[in-house]
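The block underneath contains the structure these notes are about, expressed in structure tokens.
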2 protein chains.
Amino acid sequence: MNKAIEKEYLESAEIFKALAHPTRLFIIHTVKDKKLSVKELTQLVGIDISTMSKHLDILKKHKIIKGEKHKNFIYYRLAIPCVLDFMSCAMKVINKK
Amino acid sequence: MNKAIEKEYLESAEIFKALAHPTRLFIIHTVKDKKLSVKELTQLVGIDISTMSKHLDILKKHKIIKGEKHKNFIYYRLAIPCVLDFMSCAMKVINKK
DNA sequence: TTTCTATTTGGCTAAATTACAAAATAGAAT
DNA sequence: ATTCTATTTTGTAATTTAGCCAAATAGAAA
């Protein structure tokens with residue numbers, strides 16, 4: 001496999017990795033239509049806030065979500081809506097749902 | 001987060017995990033339009049055949065590819081074409097390509 | 001049946017990921 | 001300036017993952 005192509009697949013894999021966690025998928029679905037702070041998301045999921053902060057950081061780094069600061073809070077929103085399309089398609093094919 | 005919903009996200013995350021590896025993404029792109037055996041795929045990527053076998057197994061288990069046996073060989077093909085759509089969409093948004 | 005060839009499985013090690021707790025920052029409110 | 005509140009960072013332990021090698025299967029070919 002040539003180097004340039006290999007690099008492409010490596011980069012794409014990073015996106016999938018960033019999405020490959022239940023909490024992060026929950027975040028994506030949840031910030032689809034409402035902006036939420038780290039603390040609010042933490043309470044919804046029921047994990048340590050430091051863990052949530054890291055999950056958000058992973059999604060942010062890969063530009064899957066974007067955060068806006070308002071006063072003390074950072075509100076997140078989904079930046080790649082097509083993630084949701086893919087998920088519903090994949091689930092249809094795989095689970096016949 | 002309620003148990004049923006949590007389970008849904010856990011299952012979806014499994015799909016993303018299965019896709020989250022450069023070799024597995026290469027496989028998906030490669031078996032999109034031609035059927036290939038384990039050995040052929042191994043040679044294209046340049047890894048140990050046992051490693052390739054395991055990658056294929058992961059994709060098979062999650063019903064992302066399907067394998068058909070012909071004589072000694074197992075030929076694989078892509079079962080969820082929408083993966084490719086998502087990848088091109090995600091790359092557009094994220095890399096501005 | 002014996003031999004070949006393709007594929008899978010098991011063992012092992014190195015690297016990556018996840019979670020929590022505690023400490024550090026950042027900035028708003030008092 | 002001090003205190004609160006939200007968020008991030010650091011440290012660490014537990015779990016998972018990826019890779020190679022060697023051994024085991026499966027079945028076609030001889």
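To find a chain, count down the sequence lines: A is the first, B the second, and so on, and within it residues start at 1.
Under a hydrophobic-cluster definition in which Ile, Leu, Val, Met, Phe, Trp and Tyr are linked whenever side-chain heavy atoms come within less than 4.5 Å, directly or via other members, B:M87 and B:I58 are assigned to different clusters. In the hydrophobic clustering of this structure, B:M52 does not group with A:L10; members are Ile, Leu, Val, Met, Phe, Trp, Tyr whose side-chain heavy atoms approach within less than 4.5 Å, directly or through other members. Hydrophobic clustering (side-chain heavy atoms under 4.5 Å, transitive across Ile, Leu, Val, Met, Phe, Trp, Tyr) groups A:I5 together with B:V83.
If you walk DNA chain D from 5' to 3' and mark each nucleotide with an atom closer than 4.0 Å to a heavy atom of chain A, the marks span D:dT5 to D:dG11.
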Between N or O atoms, less than 3.5 Å apart, protein on one side and nucleotides 19-23 of chain C on the other: list the pairs.
| from | atom 1 | to | atom 2 | distance (Å) |
| --- | --- | --- | --- | --- |
| C:dA19 | OP1 | A:H21 | NE2 | 3.2 |
| C:dA19 | OP2 | A:H55 | NE2 | 2.6 |
| C:dC20 | OP2 | A:D48 | N | 3.2 |
| C:dC20 | OP2 | A:T51 | OG1 | 3.1 |
| C:dC20 | N4 | A:K54 | NZ | 2.9 |
| C:dA21 | OP2 | A:D48 | OD2 | 3.4 |
| C:dA21 | N6 | A:S50 | OG | 3.1 |

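No donor-acceptor distance shorter than 3.5 angstrom exists from the side chain of A:R77 to the backbone of A:L36, with no hydrogens or angles considered. Although no hydrogens or angles enter the test, the distance criterion places a donor-acceptor pair under 3.5 Å between the side chain of B:H21 and the main chain of B:T23. With A:R24 contributing its side chain and A:L59 its backbone, the two residues share no donor-acceptor pair below 3.5 Å. Between the A:S53 side chain and the A:I49 main chain, no donor and acceptor come within less than 3.5 Å of each other. Looking only at distances, a side-chain donor or acceptor of A:T30 sits under 3.5 Å from a matching main-chain atom of A:F26. Checked by atom type and distance alone, the side chain of B:E40 pairs as donor or acceptor with a backbone atom of B:S37 at under 3.5 Å.
Residue B:I74 is in sugar-phosphate contact alone, with no base atom involved, counting any heavy-atom pair closer than 4.0 Å across all strands shown.
A heavy atom lying under 4.0 Å from DNA chain D marks none of the residues of residues 30-40 of chain B.
A heavy-atom distance below 4.5 Å is not found between the side chains of A:V38 and A:L41.
Put simply, CE on A:M52 is 17 Å from C1' on C:dT17, counting in whole angstrom units. To the nearest angstrom, C1' of C:dT8 lies 11 Å from CG of B:L56. Atom P of nucleotide C:dT17 and atom CG of B:L10 are separated by 18 Å, given to the nearest angstrom. The nearest whole Å value for the distance from the CG atom in B:L59 to the C1' atom in C:dT7 is 16 Å.
Distance OG1/A:T42 to CD1/A:I27: 8.5 Å, rounded to 0.5 Å.
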